[in-house]
Protein chains: 2
Amino acid sequence: MECVRPKDGSKLLIRKVKKEFEFTPNLDELSDLMEVSGNPSRLKILALLYRYQEACVCDIADVLELTVPAISQHLGKLKSHSLIDSRREAQTIYYFLTNHPFNKRLTTVFAGLGEW
Amino acid sequence: MECVRPKDGSKLLIRKVKKEFEFTPNLDELSDLMEVSGNPSRLKILALLYRYQEACVCDIADVLELTVPAISQHLGKLKSHSLIDSRREAQTIYYFLTNHPFNKRLTTVFAGLGEW
DNA sequence: ATAGAGTTTAAGTATCTGCTTAAATACACT
DNA sequence: AGTGTATTTAAGCAGATACTTAAACTCTAT
């Protein structure tokens with residue numbers, strides 16, 4: 001894609017590419033998921049759930065050394081993006097990773113990391 | 001990982017996991033890269049460079065309908081994370097994707113999307 | 001040396017984010 | 001019904017972000 005403008009060919013290409021990037025729902029969703037899971041705390045939560053299958057709010061708070069409301073807010077965000085779900089056992093709520101396609105890619109990355 | 005605390009076993013597990021998440025350079029780098037490329041504008045820039053190999057600042061600005069300084073700042077950020085590089089041709093600077101491992105994963109995702 | 005094109009940097013602003021503490025809610029147990 | 005545990009929600013604050021416009025810089029062509 002050339003910068004020099006007078007060439008008609010490049011003007012047509014610019015117009016084509018502009019149209020291509022006018023509506024990008026797939027990129028927007030990908031951006032959303034990368035942003036929500038890319039946060040340092042939330043990525044650690046996902047990594048922890050990947051390795052230990054499930055955990056409750058106060059244990060995650062203990063491990064990551066954040067307050068329980070902070071963890072609860074992060075979990076809420078991950079849940080609203082369908083990356084995690086939860087089950088209740090008496091008073092305790094356990095969170096776990098869902099089968100979301102994004103999680104499959106992410107856990108492949110986690111597997112390849114070996115150590116955190 | 002259990003929430004019920006009095007069990008000694010769970011205390012030991014918590015302590016083990018806490019140590020495991022004390023220093024996480026790989027997760028921190030992954031978080032960084034996901035955050036920088038997850039931004040809607042920067043993800044579009046990366047997608048555009050993936051599909052068209054290279055582009056200059058003013059063409060990217062035209063396509064994404066942002067100002068040239070805004071694009072320049074985004075490109076600077078991507079460059080500082082080694083996700084893109086640049087070459088100069090007279091007065092024009094062309095940006096392109098690097099062979100960074102993160103880009104390999106990202107372009108696999110782009111390829112799988114088909115349409116944006 | 002000058003002018004113009006292309007790009008980067010500086011400064012400002014509005015908005016957003018992530019944490020905290022406090023309060024409220026949900027639930028189990030008695 | 002009351003109490004305690006676990007969790008969520010509300011409110012506030014400090015810091016960060018992404019865009020803009022204006023100014024400065026880099027380079028080419030003359």
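Scope of the values below: all heavy atoms of this structure, side chains included, with no hydrogens, waters or symmetry mates. So you know, we letter chains A, B, ... as the sequences are listed, proteins then strands, and number each from 1.
Distance Leu64(B) CG to dT20(D) P: 11 Å, rounded to the nearest Å. With rounding to whole Å, Ile45(B) atom CD1 is found 13 Å from dT7(C) atom P. Atom pair Tyr94(A):OH and dT8(D):P shows a separation of 14 Å (rounding to whole Å applied). Regarding Ile60(A), its CD1 atom lies at a distance of 14 Å from the P atom of dA6(D), rounded to whole Å.
Here Ser86(A) pairs with Lys79(A) under the side chain to side chain donor-acceptor pair (under 3.5 Å) rule; sequence neighbours left out. With sequence neighbours excluded, no residue forms a side chain to side chain donor-acceptor pair (under 3.5 Å) with Lys77(A). Partners of Lys16(B) by side chain to side chain donor-acceptor pair (under 3.5 Å), not counting sequence neighbours, listed by chain and number: Tyr52(A). Remark: Thr24(B) pairs with Asp28(B) by the side chain to side chain donor-acceptor pair (under 3.5 Å) rule, at least two apart or across chains. With sequence neighbours excluded, the residues that form a salt bridge (charged side-chain N to carboxylate O under 4.0 Å, His left out) with Arg87(B) are Glu54(B), Glu89(B).
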So which protein N/O to nucleotides 12-15 of chain D N/O distances come out below 3.5 Å?
none

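The shortest side-chain heavy-atom distance between Ile93(A) and Val57(A) does not fall under the 4.5 Å cut-off. Looking at Asp85(B) and Tyr95(B), their side chains never come closer than 4.5 Å, going by heavy atoms from C-beta outward. Residues Leu75(A) and Ile60(A) have side chains in contact (heavy-atom distance under 4.5 Å, counting atoms from C-beta outward).
Within a heavy-atom distance below 4.0 Å of DNA chain C, the residues of residues 29-42 of chain A found are Asn39(A), Ser41(A), Arg42(A). Scanning residues 65-91 of chain A for heavy-atom distances under 4.0 Å to DNA chain C yields Leu66(A), Thr67(A), Pro69(A), Ala70(A), Gln73(A), His74(A), Lys77(A), Arg88(A), Ala90(A), Gln91(A).
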Would you tabulate the side-chain donor-acceptor contacts of residues 33-40 of chain B under 3.5 Å, counting partners in other chains and residues two or more places apart, or write 'none'?
| unit_1 | atom_1 | unit_2 | atom_2 | d |
| --- | --- | --- | --- | --- |
| Ser37(B) | OG | Leu33(B) | O | 2.5 |
| Asn39(B) | OD1 | Ser41(B) | N | 2.9 |
| Asn39(B) | OD1 | Arg42(B) | N | 3.0 |

Kindly list each side-chain donor-acceptor pair under 3.5 angstrom involving residues 106-116 of chain A, sequence neighbours excluded, with atom names and distances?
| unit_1 | atom_1 | unit_2 | atom_2 | d |
| --- | --- | --- | --- | --- |
| Thr107(A) | OG1 | Asn103(A) | O | 2.9 |
| Thr107(A) | OG1 | Lys104(A) | O | 3.0 |
| Thr108(A) | OG1 | Lys104(A) | O | 2.9 |
| Trp116(A) | NE1 | Glu20(B) | OE2 | 3.0 |

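Remark: Tyr95(B) is in phosphate contact with dT8(C), judged by side-chain N or O atoms under 4.0 Å from OP1 or OP2.
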